[in-house]
Amino acid sequence: MFWNPRIETMPYDELQKLQYRELKTLVNNLYSFNRFYHDRMKEANVTPLDINSLEDTSKLPFMYKQDLRDNYPDKMFTVPKNEIVRYHVSSGTSGKPTLVAYTRNDLAYWTEALARSFTSAGIGPDDTIQISYGYGLFTGGLGAHYGAEKVGATVLPTSTGNTQRQLELMQDLGVTAIACTPSFLVHLATTAKKMGIDWKKDLKCHKALLGAEPWSESMRQKFKDELGITAYDLYGTSEQAGPMFTECPAQCGAHICGDIMLVEIIDPDTGENLGPKQEGEMVITMLKKEAMPMIRYRTKDLTYLNTDPCECGRTSPRIGRITGRSDDMLIIRGINVFPSQVEYALMRIPQVGDQYMINVSREGDLDRMVVQVEIQPDAFTDDTAKMAGLRAHIEYELKRYLNIAVEVELMAPGSLPRFEGKAKHVTDTRRF
Ligand code: DLL
């Protein structure tokens with residue numbers, strides 16, 4: 001039931017002492033040896049001498065996704081290139097992606113965190129687990145892969161796509177667990193039905209680690225009732241490493257790996273720290289990361305911290321479900337999309353006018369994103385072939401920047417709504 005019982009059941013006050021020691025060492029090292037962090041701390045008027053308790057974490061400056069972008073690709077790395085063994089890449093807020101680097105130890109801690117997650121979801125050597133998170137630049141596939149291998153499960157690295165084949169393999173190999181986005185599980189279930197597969201009867205897959213996008217208790221219930229699956233929430237961000245921590249069998253929040261990271265909840269407007277059970281923005285400090293330590297990283301995810309003892313025996317605090325974000329990031333079919341990226345891509349196309357609208361909906365079990373784009377008057381014509389060519393070009397450019405296929409609808413000049421106050425560029429009718 002525990003992967004690392006000494007750490008996972010360590011009394012909370014001892015865990016906090018450990019976190020303080022790790023934090024102090026990290027801050028000392030970064031202040032002394034790294035230009036970026038040294039300057040940041042100086043600007044905030046704080047030195048390692050000001051950090052004398054865990055509460056003093058709040059004196060340290062925040063870090064943002066924008067920092068990664070501004071320092072792209074490698075200005076925030078804190079080890080020489082020959083110590084970096086892996087990169088992953090995630091969406092940035094506009095043109096540039098965010099790059100995350102790992103040393104061998106960083107990968108080991110990431111794998112350790114996932115080994116704890118898989119174990120707490122009851123996955124071990126007797127399981128065959130299908131990893132249907134994307135493999136490659138996205139952290140989901142490879143992150144989950146190494147964690148599952150670490151606990152001795154048999155891994156089937158299917159990645160995303162090719163749904164029918166995934167279902168055939170599930171049947172042939174007796175897959176018992178799956179790690180994927182909740183929307184992919186819905187999609188698999190629908191496809192299974194179409195193929196005449198009765199999930200409960202014909203498949204052995206009854207455990208799932210779901211994450212990378214929001215999902216709800218009612219979806220959990222549906223997976224239980226319709227597929228016989230016990231689903232566990234798996235949370236993480238690429239800036240921390242990737243998928244990281246999961247619920248225990250009590251399913252009342254995902255347990256943080258407290259020795260590896262420090263989680264605070266703040267008021268997103270004032271930056272003030274909030275107490276347990278108060279909802280705010282989650283801020284994460286990675287205590288052990290070598291290649292790219294993140295101090296007080298503003299995840300923008302809204303949740304709360306629960307420090308009550310858990311019936312499973314784990315002592316580290318847990319976070320509630322992510323209830324939303326304090327910025328405008330959308331997650332479309334598991335891929336992060338910022339409206340600013342859409343704007344950035346559109347505004348580089350000379351024929352595009354200055355109004356656009358992003359419409360997100362759920363059709364069947366898949367997210368759909370349609371971008372309505374006003375065209376410049378001199379580019380707008382009733383030559384349908386020309387218009388189709390322009391539309392294809394805009395779709396191609398958006399795919400290049402967003403890594404996701406988007407439908408484009410060309411609009412006549414002046415036809416989209418104008419706003420007197422803050423422009424509204426997104427409508428999202430999905431319900432989780
Ligand atoms: O989505 C890492 C991941 C992979 C997590 C696989 C879980 C499973 P990013 O692409 O950087 O990393 O996206 C991180 O996704 O800030 C949240 O807004 C959202 N997110 C991740 N997990 C959950 C979850 C990966 N369980 C962003 N519930 C985060 C709700 C989630 N939102």
Side-chain angles (χ1 to χ4, degrees), residues 63-65 68-69 87-93 97-100 102 110-111 113-114 117-118 121 129-148 157 159-160 177-185 208-217 219-220 223 231-247 251 253-257 261 263 268 279 281-284 286 292 294 297-304 318-338 341 367 402-404 428 430 432:
M63 290 177 67
Y64 301 86
K65 206 173 182 75
L68 294 171
R69 183 174 172 248
Y87 290 139
H88 280 285
V89 176
S90 165
S91 320
T93 46
T98 54
L99 177 67
V100 185
Y102 307 71
W110 185 17
T111 301
L114 278 158
S117 293
F118 282 112
I129 179 160
Q130 179 159 323
I131 310 288
S132 302
Y133 286 118
Y135 278 67
L137 294 177
F138 181 53
T139 55
L142 284 168
H145 182 106
Y146 286 106
S159 194
T160 49
I178 185 163
C180 62
T181 60
S183 49
F184 190 67
L185 184 57
L209 256 77
L210 307 181
E213 62 185 12
W215 60 295
S216 61
E217 285 308 307
M219 284 172 89
R220 174 155 28 219
F223 293 138
Y232 296 84
D233 194 17
L234 171 63
Y235 174 84
T237 70
S238 40
E239 291 80 11
Q240 293 169 265
M244 265 278 176
F245 48 95
T246 307
E247 293 170 308
Q251 297 204 320
H255 283 277
I256 294 156
C257 300
M261 69 188 77
V263 170
E279 184 172 281
E281 182 184 327
M282 176 161 40
V283 170
I284 302 181
M286 294 303 287
M292 236 178 110
M294 300 300 279
Y297 178 71
R298 300 271 305 249
T299 64
K300 304 286 176 180
D301 288 320
L302 301 176
T303 182
Y304 63 90
R318 45 207 194 274
I319 57 157
R321 261 190 201 284
I322 306 299
T323 55
R325 291 187 53 91
S326 63
D327 67 1
D328 55 0
M329 186 178 92
L330 301 159
I331 306 183
I332 316 279
R333 282 173 253 141
I335 309 254
N336 304 346
V337 174
F338 288 92
Q341 283 176 292
D367 296 333
L402 308 177
N403 280 318
I404 185 170
D428 187 349
R430 293 172 301 173
F432 294 101

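Order of listing sets the numbers, starting from 1, for every ligand and every atom in it.
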Applying side chain to side chain contact (heavy atoms under 4.5 Å, CB included) to F223 and not counting sequence neighbours gives L185, V186, L210, W215, M219, L227, I229, A231
So for R325 against ligand 1, with non-hydrogen atoms under 4.0 Å, the contacting part is side chain
Using the rule given for side chain to side chain donor-acceptor pair (under 3.5 Å), can you reason through S183 versus E213, listing the C-alpha separation, both sets of side-chain angles and the distance that settles it, and then say yes or no? CA-CA 8 Å; S183 49; E213 62 185 12; 2.6 Å; yes
Per-atom filter on ligand 1: closer than 4.0 angstrom to a heavy atom of Y133 are 6 (C), 8 (C)
Per-atom filter on ligand 1: closer than 4.0 angstrom to a heavy atom of F138 are 1 (O), 4 (C), 10 (O), 25 (C)
Closest to atom 28 (N) of ligand 1 among protein heavy atoms sits E213 O, 3.3 Å
| said: Between R220 and R321, is the side chain to side chain contact (heavy atoms under 4.5 Å, CB included) condition met? List the steps. | reply: CA-CA 12 Å; R220 174 155 28 219; R321 261 190 201 284; 3.3 Å; yes
of all protein heavy atoms, closest to atom 27 (C) of ligand 1 is M329 CE, 4.0 Å
Quick note on ligand 1: atoms under 4.0 Å from a heavy atom of T237 include exactly 11 (O), 12 (O), 14 (C), 16 (O), 29 (C)
N403 and I335 have their tightest heavy-atom pair at O-CD1, 4.0 Å
min-distance protein heavy atom vs atom 12 (O) of ligand 1 -> S238 N, 3.4 Å
In short, F338 meets D328 closest at the heavy-atom pair CD2-OD1, 4.0 Å
- Task: Flag the pair P157 / H145 as yes when at least one side-chain heavy-atom distance between them is below 4.5 Å, and no otherwise.
- Result: yes
In this structure, atom 25 (C) of ligand 1 is nearest to the protein heavy atom G236 O, 3.6 Å
For R298, the salt bridge (Lys or Arg N to Asp or Glu O under 4.0 Å) test, sequence neighbours excluded, returns E281
- Message: Run I322 and M282 through side chain to side chain contact (heavy atoms under 4.5 Å, CB included) and show every step you take.
- Response: CA-CA 9 Å; I322 306 299; M282 176 161 40; 4.0 Å; yes
Judged by heavy atoms only, the candidate from G141, A212, G334 nearest atom 23 (C) of ligand 1 is A212
* Would one find an N or O of L234, backbone or side chain, under 3.5 Å from an N or O of ligand 1? -> yes
Ligand 1 to T139, heavy atom cutoff 4.0 Å, flagged ligand atoms 2 (C)
When distances are taken from atom 13 (O) of ligand 1, the protein heavy atom at minimum range is N336 ND2, 3.0 Å
Expected output: side-chain S117 to main-chain M244 donor-acceptor under 3.5 Å
yes
On a heavy-atom basis, the closest approach of D233 and A254 is O-CB, 4.4 Å
shortest atom 18 (O) of ligand 1-to-protein heavy-atom contact is with D301 OD1, 2.6 Å
Under 4.0 Å from one or more heavy atoms of I331, ligand 1 contributes atoms 15 (O), 18 (O), 19 (C)
For G140, the ligand 1 atoms with a heavy-atom partner under 4.0 Å come out as 4 (C), 6 (C)
